[in-house]
**Q** 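My questions will all concern the structure given below.
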Protein chains: 2
Amino acid sequence: MPLSLDTLPGLVLFSCVVRHGSLTGAAQELGLNRSSVSKQLARFEAQLGAKLLQRTTRKLALTELGERVWQEAQTIAAALENVDAITEDYRQNVRGRLKVSCSSSLARVHLVPLLPIFNQRYPEVDLLLQLEDRFVDLTTEQVDIAIRVGHLPDSSLVARKLGELQWQLVASPGYLAKHGAPQTPADLAGHACLFYQNGLRVMNLWTFTGPKGEEQVRVKGALAMNDACALVDAAINGLGILLIDRALLSLPLASGQLLSLLPDYQLAAGLPVYAVYPAREWLPAKAAAFVEFILQEFAPRLATPRL
Amino acid sequence: MPLSLDTLPGLVLFSCVVRHGSLTGAAQELGLNRSSVSKQLARFEAQLGAKLLQRTTRKLALTELGERVWQEAQTIAAALENVDAITEDYRQNVRGRLKVSCSSSLARVHLVPLLPIFNQRYPEVDLLLQLEDRFVDLTTEQVDIAIRVGHLPDSSLVARKLGELQWQLVASPGYLAKHGAPQTPADLAGHACLFYQNGLRVMNLWTFTGPKGEEQVRVKGALAMNDACALVDAAINGLGILLIDRALLSLPLASGQLLSLLPDYQLAAGLPVYAVYPAREWLPAKAAAFVEFILQEFAPRLATPRL
DNA sequence: TACATTGTTGCCAAAATAGCAACAATTGTT
DNA sequence: AACAATTGTTGCTATTTTGGCAACAATGTA
């Protein structure tokens with residue numbers, strides 16, 4: 001027999017009456033009429049089947065039982081104040097554990113560099129970065145915010161677009177020396193191509209916009225992985241032609257380990273990046289702060305990646 | 001900001017939902033419809049301004065705040081179970097402190113001799129006998145039961161008549177030798193009379209029923225006190241003629257210290273003795289047991305005092 | 001893919017509640 | 001000592017709240 005729904009409001013009212021020492025005072029604090037207080041107190045006693053207060057028009061006296069119940073009410077009052085305090089803290093203060101889910105490569109390049117700033121701004125937030133290139137169920141795994149790449153399936157989740165990934169087509173000098181450099185998208189069909197793949201999405205249909213308009217190529221995969229950084233390594237090692245987020249390529253391109261291909265063509269539409277969270281209503285302050293933060297900091301980095 | 005009336009039922013419901021892990025289960029336990037549970041839970045979250053449970057049609061997951069609130073709810077649940085247990089104990093078990101108010105002389109003669117029996121029958125009751133010959137306010141002084149002599153003023157109290165005190169008129173042989181023995185009630189007017197008096201009642205109007213019918217005498221007081229035993233001592237010492245409870249006179253009469261007067265007259269109406277307690281409704285078990293006890297044991301002693 | 005279960009929402013009836021007014025009881029004051 | 005003022009209680013009515021039914025949406029399973 002756990003918390004009983006019926007007796008609880010009565011207990012609250014009883015507590016208030018005892019604190020004031022009069023029904024009238026309690027009624028004033030509760031914004032009620034005296035009659036209501038009287039009735040509810042009487043009903044509470046009826047529910048318990050015992051008198052709690054001996055009442056006269058002038059004085060109230062606690063019964064022996066009333067004293068015991070009053071003590072318990074004190075305990076409950078303390079717990080309730082805790083609830084209030086905790087909730088208030090949770091709503092107003094940016095504090096607590098914040099679980100963020102993100103694909104590992106995206107995090108390494110775009111997100112992790114920002115975290116020191118976030119941590120400095122909100123030092124009381126304990127970030128728990130969950131890097132995994134798989135589908136995560138936000139509700140089940142208690143993830144506060146997920147950063148997801150690609151168009152989203154219909155869902156009850158709220159998604160805010162952070163920007164679009166800028167793609168680039170690259171290969172290593174060694175690979176190009178051996179197999180030649182493609183001049184048009186159609187040429188790619190004959191090459192070994194590297195692309196990202198996780199359980200959800202297989203990116204083997206590449207779309208270009210060039211002099212002849214839009215062209216699509218379904219490429220053969222020499223290697224498909226769910227780790228973008230490993231893909232870059234693979235490309236550097238000459239395993240094939242890679243289509244990947246431009247931000248990952250700044251160092252290999254600068255050092256000449258990788259070369260840019262098809263400069264006259266642009267990748268049609270970069271995949272959108274979203275910040276996703278379970279519900280818009282009553283978003284905890286820490287989550288709201290994080291979303292605001294990445295909207296300001298993350299999005300510009302996507303738009304103008306430093307090469 | 002103490003216990004809040006509004007948030008408490010929601011907290012109970014939330015606790016129930018968490019315990020079951022589903023709204024449907026909670027609804028079944030509470031005997032409610034699913035919709036009601038859903039609505040109330042939503043309202044509770046709205047009141048707090050924060051989400052407590054991430055809900056899917058299949059799974060429920062506690063928010064970080066939800067976990068904290070759930071912990072507090074556990075505390076409250078424990079306190080509430082205490083309230084239930086205490087109340088049950090209080091109602092059903094004859095146990096605890098029982099404060100009884102009684103005039104000292106009445107207690108010494110009639111009540112105290114019974115207490116060992118009561119104590120043996122209800123060993124878990126701690127009797128607190130408050131002996132005082134003055135008016136006591138039951139509600140203010142947290143007296144459970146009072147035993148009062150004489151007709152009661154109108155009151156919200158419940159009174160159960162235990163019987164009537166049997167009066168007797170006595171004096172010491174020494175006093176009678178000096179002042180002579182009264183032959184009729186009217187003779188008493190010339191004597192020094194001893195009678196009981198407390199703040200409430202002055203018993204100086206004595207009523208007799210004799211051969212000539214009812215006779216009343218307003219006596220002069222040689223000594224009036226609020227201690228019946230002391231009055232007996234005074235009478236033994238020859239201070240005057242005493243009208244007092246017959247039960248107090250068994251030893252002095254047997255030993256000849258006091259002599260009975262006006263044997264042809266009877267005291268019209270003995271003063272009634274009442275057991276008085278604040279309210280009939282929800283009388284605690286201990287008080288009910290005591291009242292029953294003195295009704296069975298006390299009343300016969302009044303009716304047939306042992307001389 | 002079809003089905004079953006679960007949470008949510010709109011609507012309406014039912015129940016609980018608050019407020020008003022009158023009453024009873026008690027205390028302090030004139 | 002009587003009056004006035006305050007307090008707790010009760011009956012009645014209007015308002016608010018709540019509960020249940022039905023339909024819907026979403027999700028996991030056979």
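Chain letters run A, B, ... following the sequence lines, proteins first and then strands; every chain starts at 1. None of the values given here were measured: they were computed from a predicted structure.
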**Q** Between D:dT7 atom P and A:L53 atom CG, what is the distance in whole Å?
**A** 16 Å

**Q** Who are the ring pair (Phe, Tyr, Trp, His ring centres under 6.0 Å) partners of B:F290, not counting sequence neighbours?
**A** B:F118

**Q** Does A:D126 have any side chain to side chain donor-acceptor pair (under 3.5 Å) partners at least two apart in sequence or in another chain, and if so, which?
**A** none

**Q** So, OP1 or OP2 of D:dT17: does either fall under 4.0 Å of a side-chain N or O from B:Q40?
**A** no

**Q** For B:R34, which residues count as a salt bridge (charged side-chain N to carboxylate O under 4.0 Å, His left out) partner, sequence neighbours excluded?
**A** none

**Q** Check side chain to side chain donor-acceptor pair (under 3.5 Å) between A:E45 and all other residues, then give those that pass, not counting sequence neighbours.
**A** A:R55

**Q** In whole angstroms, how far is the C1' atom of D:dC21 from the CG atom of B:N33?
**A** 7 Å

**Q** Sugar-phosphate means primed atoms, P, OP1 and OP2; the rest is base. With that split, encode nucleotides 4-13 of chain C 5' to 3' as B, S or - using protein heavy atoms under 4.0 Å.
**A** BBBBSBBB--

**Q** For B:Q142, enumerate each residue passing the side chain to side chain donor-acceptor pair (under 3.5 Å) test, keeping only those at least two apart in sequence or located in another chain.
**A** none

